[in-house]
Colleague: 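Below: one structure in structure tokens.
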Number of protein chains: 2
Amino acid sequence: MAPPTQPLTRSVEDYLKAIYQLSQGGSPAGTTEIANLLELAPASVTGMVKRLSEQGLLEHVPYKGVELTSAGRRAALKMVRRHRILESYLVAFLDYTWDTVHEEADRLEHAVSDRLIERMALALGNPSVDPHGDPIPAPDGSMVELVYTPLSEVPVGESVELRRVETRQADRLRYFAEHGLVPGASVTVTARQPFGGPTTVQTGDGDRLLGAELAGILLCARAGAR
Amino acid sequence: MAPPTQPLTRSVEDYLKAIYQLSQGGSPAGTTEIANLLELAPASVTGMVKRLSEQGLLEHVPYKGVELTSAGRRAALKMVRRHRILESYLVAFLDYTWDTVHEEADRLEHAVSDRLIERMALALGNPSVDPHGDPIPAPDGSMVELVYTPLSEVPVGESVELRRVETRQADRLRYFAEHGLVPGASVTVTARQPFGGPTTVQTGDGDRLLGAELAGILLCARAGAR
DNA sequence: AAATAGATTTAGGCAACCCTAATTCTGGTC
DNA sequence: GACCAGAATTAGGGTTGCCTAAATCTATTT
């Protein structure tokens, strides 16, 4: 039952990761979506998708969309584990910050061995989340994905704990870090303007006004819900 | 004076490293030598060599051999630095042994950024040699290469310090490590059989008989010479 | 000086991936 | 029910980097 798969190329690994990410929402990934994410022409995606379907990594319904097969998902989750362990390691031991680490991990994830990843994981104490609060799949591909509430939807008056930051954009990440808005931080929502207006929060760092976009990518654990 | 070079591909990096290594002996590298080292067909090497010459990284005299230009040497030394810092880091912090580390470093060296290498170097305290005793080029490409004496040529009766092990073959490296024959170890030559016969050495670990091949790849610092 | 072994190069191909331009399909609209 | 915009696919190319087979060159031997 061991996967007899020949090693995947960098390109293939990138496609699988992208399709995994786009399928998160439940519906199959579209050609153009994939193309945008990988910064390729849609025609190139069609070609690769065809090859990967033949290899049994994808399920492709022409003109409809692509989904990962279980072999594809397994490979994608391995890449996600690599990426998140790498990010965690670089931040913990090599002075990277969460806004600079993504790029480095994106290159390294194609070059590391399983052995290296497991040693890094061990050195980190087998973490379950990365510096952004994203869950790290176990070596067997299992992953516990908790459901959090966007800060933009936390009722006024409630105190919550920041758990996860859903962006890789360096400028936003830097802004969050500068103001103590990192996983683990406690914040209280003190006000919110209507019609997609800003949310006001109280942090250990003082009060801060967050626009709807930023408040929407800060995911929080509410007291009762967990 | 900054190198305006576009990023090199993995293949190109491998060629430059190979040619650097083969040119160490002074004479230009031959097509077949390069092909053997990289496990490619000689015809493939001819093709790549032509492209790299046009890019100004190599000096190729058809039917004679190849040498690195100064741009080529600079790039090659950068790869050597990457490789040796990686090996040092993996051994120091991630429990690799010197017989397993080469392969991992060979893949990683194409994926790491300069920034990562410099952070690893810093974490290591800017080492000047790697776990095998090979000198590590400085970021500017300068490298101090000391001249050592092969154990096979150390006169009987002399005590020397092991400094460098010139092989990447895992089985030999494992044998050396098992018997304390690692850089820094002190050994005394107690006997040597003539006509390429074995050398007998006394180590902290006891006495040991080393055939000509093994004794030839253990490089030693002699007392006076250094 | 001719022969020849071995190294090197040329010729002709192939696979992976990417691109642009042209075509075809799908899901609404009017 | 025909039409249209946008999505997806097909057609036709290009590059990189590898291979095998067939020349060709070099250097050494006879």
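Please read these numbers as outputs of a predicted model, since none were measured by experiment. Lettering of chains follows the sequences in order, A, B, ..., and the numbering in each one begins at 1. Computed from heavy atoms alone, side chains included, the values below leave out hydrogens, waters and symmetry copies.
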Colleague: Rounded to whole Å, please give me the gap between CZ in Arg51(A) and C1' in dA15(C).
Modeller: 9 Å
Colleague: Would you grab the first and last nucleotide of DNA chain D (5' to 3') that comes under 4.0 Å of any non-hydrogen atom in chain B?
Modeller: dT16(D) to dA27(D)
Colleague: Separation of Arg10(A) atom CZ from dC17(C) atom C1', in whole Å?
Modeller: 14 Å
Colleague: Using a 4.0 Å heavy-atom cut-off, does Ser11(B) contact any base of the nucleic acid, only the sugar-phosphate backbone, or nothing at all?
Modeller: sugar-phosphate
Colleague: For Gln169(A), does the CD atom sit with more than 12 other heavy atoms under 6.0 Å from it, leaving out its own atoms?
Modeller: yes
Colleague: In whole Å, I'd like the distance from the CG atom of Leu22(B) to the P atom of dA7(C).
Modeller: 14 Å
Colleague: Rounded off to whole Å, could you give me the CD1-to-P distance for the Ile34(B) and dA7(C) pair?
Modeller: 14 Å
Colleague: Are the side chains of Arg10(A) and Arg10(B) in contact, using a 4.5 Å heavy-atom criterion?
Modeller: yes
Colleague: Across the strands shown, which category fits Gly47(A) at heavy-atom distances under 4.0 angstrom: base, sugar-phosphate, nothing?
Modeller: nothing
Colleague: If you check the Ala43(B) side chain, which of dC17(C), dT9(C), dC18(C) turns out closest?
Modeller: dT9(C)
Colleague: Give a yes-or-no answer on whether the side chains of Glu67(A) and Ser23(A) include a donor-acceptor pair shorter than 3.5 Å.
Modeller: no
Colleague: Is there a side-chain polar atom (N or O) of Thr46(B) under 4.0 Å from OP1 or OP2 of dT9(C)?
Modeller: yes
Colleague: Report the residue (Lys64(A) or Thr32(B)) whose heavy-atom-nearest nucleotide on DNA chain C is the more 5′ of the two.
Modeller: Thr32(B)
Colleague: Just checking, any donor-acceptor pair under 3.5 angstrom between side chains of Asp14(A) and His110(A)?
Modeller: yes
Colleague: Got a salt bridge between Arg164(B) and Glu145(B), using NZ or NE/NH1/NH2 to carboxylate O under 4.0 Å?
Modeller: yes
Colleague: For Leu40(B) and dT9(C), give me the distance from atom CG to atom P, rounded to whole Å.
Modeller: 15 Å
Colleague: Using a 6.0 Å cut-off, check whether atom NZ of Lys17(B) has over 12 heavy atoms from anything other than its own residue.
Modeller: yes
Colleague: Quickly work out the Lys50(B) NZ to dT8(C) P distance and round it to whole Å.
Modeller: 15 Å
Colleague: Mind calculating the distance between CG (Leu52(A)) and P (dC18(C)) to the nearest angstrom?
Modeller: 10 Å
Colleague: Name the nucleic acid region contacted by Thr31(B), choosing base, sugar-phosphate or nothing; use a 4.0 angstrom heavy-atom cut-off, strictly under.
Modeller: sugar-phosphate
Colleague: In this structure, how many angstroms lie between the C1' atom of dA5(C) and the OH atom of Tyr63(B), rounded?
Modeller: 15 Å
Colleague: I want to check one thing: is the phosphate of dA16(C), taken as OP1 and OP2, less than 4.0 Å away from some side-chain N or O of Thr9(A)?
Modeller: no
Colleague: Can you tell me if Glu59(A) has over 12 outside heavy atoms packed within less than 6.0 Å of its CD?
Modeller: no
